[in-house]
Amino acid sequence: QVQLVESGGGLVQPGGSLRLSCAASGFTLDYYTIGWFRQAPGTEREGVSCISSSDGREYYAESVKGRFTISRDNAKNTVYLQMNSLKPEDTAVYYCAAKEAFRVYYGDAKSCLQNMEDWGKGTPVTVSS
């Protein structure tokens with residue numbers, strides 16, 4: 001059974017950092033593209049970052065470029081999202097998602113993030129002083 005479990009969320013002051021983890025079970029990450037999404041109250045879900053299974057290429061939304069870094073540790077079957085210089089507008093529930101993608105290459109963040117197949121339940125992040 002495919003399962004994704006996010007952790008690492010919490011309350012942080014503006015300018016602070018958090019590292020989110022997405023632990024996968026029931027499948028190995030080697031052939032899966034993983035994306036991070038977020039949804040703030042009253043807003044639509046937004047794609048934040050994505051990492052390709054095929055070439056490890058990273059993709060970011062404009063709103064987080066230069067502040068967030070996605071990485072994967074296939075040995076631990078875990079994907080991370082390092083979030084630095086956090087702003088109040090980063091407050092949201094963060095979700096990771098996966099899709100099987102063997103030898104699939106993406107031209108942009110949108111194509112990497114679309115059509116995800118499996119989702120975690122999310123971890124809340126609050127940026128406030």
Side-chain angles (χ1 to χ4, degrees):
Q1 181 181 357
V2 172
Q3 189 174 15
L4 297 167
V5 179
E6 303 93 337
S7 62
L11 173 63
V12 63
Q13 291 187 342
S17 299
L18 281 175
R19 189 177 79 156
L20 305 183
S21 299
C22 173
S25 61
F27 68 102
T28 58
L29 286 179
D30 302 58
Y31 304 117
Y32 282 76
T33 287
I34 305 297
W36 282 98
F37 298 78
R38 66 186 181 186
Q39 188 167 21
T43 69
E44 293 188 355
R45 187 174 60 202
E46 172 192 17
V48 173
S49 183
C50 189
I51 186 164
S52 167
S53 60
S54 303
D55 55 9
R57 188 173 175 182
E58 303 163 22
Y59 301 87
Y60 299 94
E62 288 296 325
S63 58
V64 306
K65 273 184 182 177
R67 301 189 297 123
F68 290 11
T69 303
I70 191 170
S71 62
R72 62 195 300 155
D73 185 337
N74 286 353
K76 294 184 177 180
N77 229 31
T78 300
V79 172
Y80 303 97
L81 185 68
Q82 178 67 43
M83 307 188 296
N84 298 330
S85 302
L86 283 162
K87 305 174 181 179
E89 50 264 43
D90 294 318
T91 295
V93 178
Y94 283 71
Y95 302 87
C96 65
K99 61 182 178 181
E100 191 170 5
F102 180 62
R103 292 185 180 176
V104 177
Y105 303 90
Y106 308 101
D108 54 28
K110 181 179 178 180
S111 59
C112 187
L113 287 162
Q114 66 186 8
N115 300 326
M116 290 293 175
E117 299 165 346
D118 299 287
W119 294 81
K121 294 183 178 179
T123 185
V125 171
T126 302
V127 185
S128 175
S129 55

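Excluded from the calculations below are hydrogen atoms, water molecules and symmetry mates; all remaining heavy atoms, backbone and side chain alike, are included. As the structure is a prediction and not an experimental result, all values here were calculated from the model. Quick note: residue numbers are just sequence positions, from 1.
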N/O donor-acceptor pairs under 3.5 Å from side chains in residues 76-92, not counting sequence neighbours:
from: Asn77; atom 1: OD1; to: Leu29; atom 2: N; distance (Å): 2.9
from: Asn77; atom 1: ND2; to: Ala24; atom 2: O; distance (Å): 3.0
from: Asn77; atom 1: ND2; to: Phe27; atom 2: O; distance (Å): 2.7
from: Thr78; atom 1: OG1; to: Lys76; atom 2: O; distance (Å): 2.9
from: Gln82; atom 1: NE2; to: Asn84; atom 2: OD1; distance (Å): 2.9
from: Asn84; atom 1: OD1; to: Ser17; atom 2: OG; distance (Å): 2.9
from: Asp90; atom 1: OD1; to: Arg38; atom 2: NH1; distance (Å): 2.9
from: Asp90; atom 1: OD1; to: Arg67; atom 2: NH2; distance (Å): 3.0
from: Asp90; atom 1: OD2; to: Arg67; atom 2: NH1; distance (Å): 2.7
from: Asp90; atom 1: OD2; to: Arg67; atom 2: NH2; distance (Å): 3.4
from: Asp90; atom 1: OD2; to: Lys87; atom 2: N; distance (Å): 2.8
from: Thr91; atom 1: OG1; to: Pro88; atom 2: O; distance (Å): 2.9
from: Thr91; atom 1: OG1; to: Val127; atom 2: N; distance (Å): 2.9

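- Using a 4.5 Å cut-off between side-chain heavy atoms of Ile, Leu, Val, Met, Phe, Trp and Tyr, with links allowed through other members, Leu18 and Val48 fall into the same hydrophobic cluster.
- Between Phe37 and Trp119, the ring planes are tilted. Angles from 30° to 60° get that label.
- Glu62 pairs by the side-chain hydrogen bond (donor to acceptor under 3.5 Å, both in side chains) definition with Lys65, not counting sequence neighbours.
- Looking at residues two or more places apart in sequence or on another chain, you find no salt bridge (Lys or Arg N to Asp or Glu O under 4.0 Å) involving Lys110.
- With sequence neighbours excluded, no residue forms a ring pair (Phe, Tyr, Trp, His ring centres under 6.0 Å) with Tyr106.
- Of the possible donor and acceptor atoms, one in the side chain of Ser53 sits under 3.5 Å from a partner among the backbone N and O of Ala101.
- Listed by chain and number, the residues in a side-chain hydrogen bond (donor to acceptor under 3.5 Å, both in side chains) with Arg19 amount to none (sequence neighbours excluded).
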- Task: For Leu20 and Val125, run side-chain contact (heavy atoms from CB on, under 4.5 Å): C-alpha distance rounded to whole Å, both residues' side-chain angles, the deciding distance at 0.1 Å, then the answer.
- Result: CA-CA 9 Å; Leu20 305 183; Val125 171; 4.1 Å; yes
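- The ring pair (Phe, Tyr, Trp, His ring centres under 6.0 Å) search around Tyr105 returns none, not counting sequence neighbours.
- Each of Leu11 and Val93 belongs to its own hydrophobic cluster when Ile, Leu, Val, Met, Phe, Trp and Tyr are linked at side-chain heavy-atom distances under 4.5 angstrom.
- Glu6 approaches Gly122 most closely through the heavy-atom pair OE1-N, 2.9 Å.
- With sequence neighbours left out, Asn74 forms a side-chain hydrogen bond (donor to acceptor under 3.5 Å, both in side chains) with Arg72.
- Partners of Glu117 according to the salt bridge (Lys or Arg N to Asp or Glu O under 4.0 Å) rule, which considers only residues two or more places apart in sequence or in another chain, do not exist here.
- Gln1 and Ser25 form no side-chain donor-acceptor contact under 3.5 Å, judged by distance and modelled atom types alone.
- Glu58 places none of its side-chain heavy atoms less than 4.5 Å from the side chain of Ser52.
- Under the disulfide bond (SG atoms under 2.5 Å apart) criterion, the residue pairs touching residues 12-81 are Cys22-Cys96, Cys50-Cys112, with sequence neighbours excluded.
- Under the ring pair (Phe, Tyr, Trp, His ring centres under 6.0 Å) criterion, no residue pair touches residues 40-61, with sequence neighbours excluded.
- Within the structure, salt bridge (charged side-chain N to carboxylate O under 4.0 Å, His left out) contacts touching residues 93-109 (residues at least two apart or in different chains) do not occur.
- Looking at residues two or more places apart in sequence or on another chain, you find a side-chain contact (heavy atoms from CB on, under 4.5 Å) between Gln39 and Thr43, Arg45, Tyr95.
- Remark: aromatic rings of Phe68 and Trp36 are distant, center separation not under 6.0 Å.
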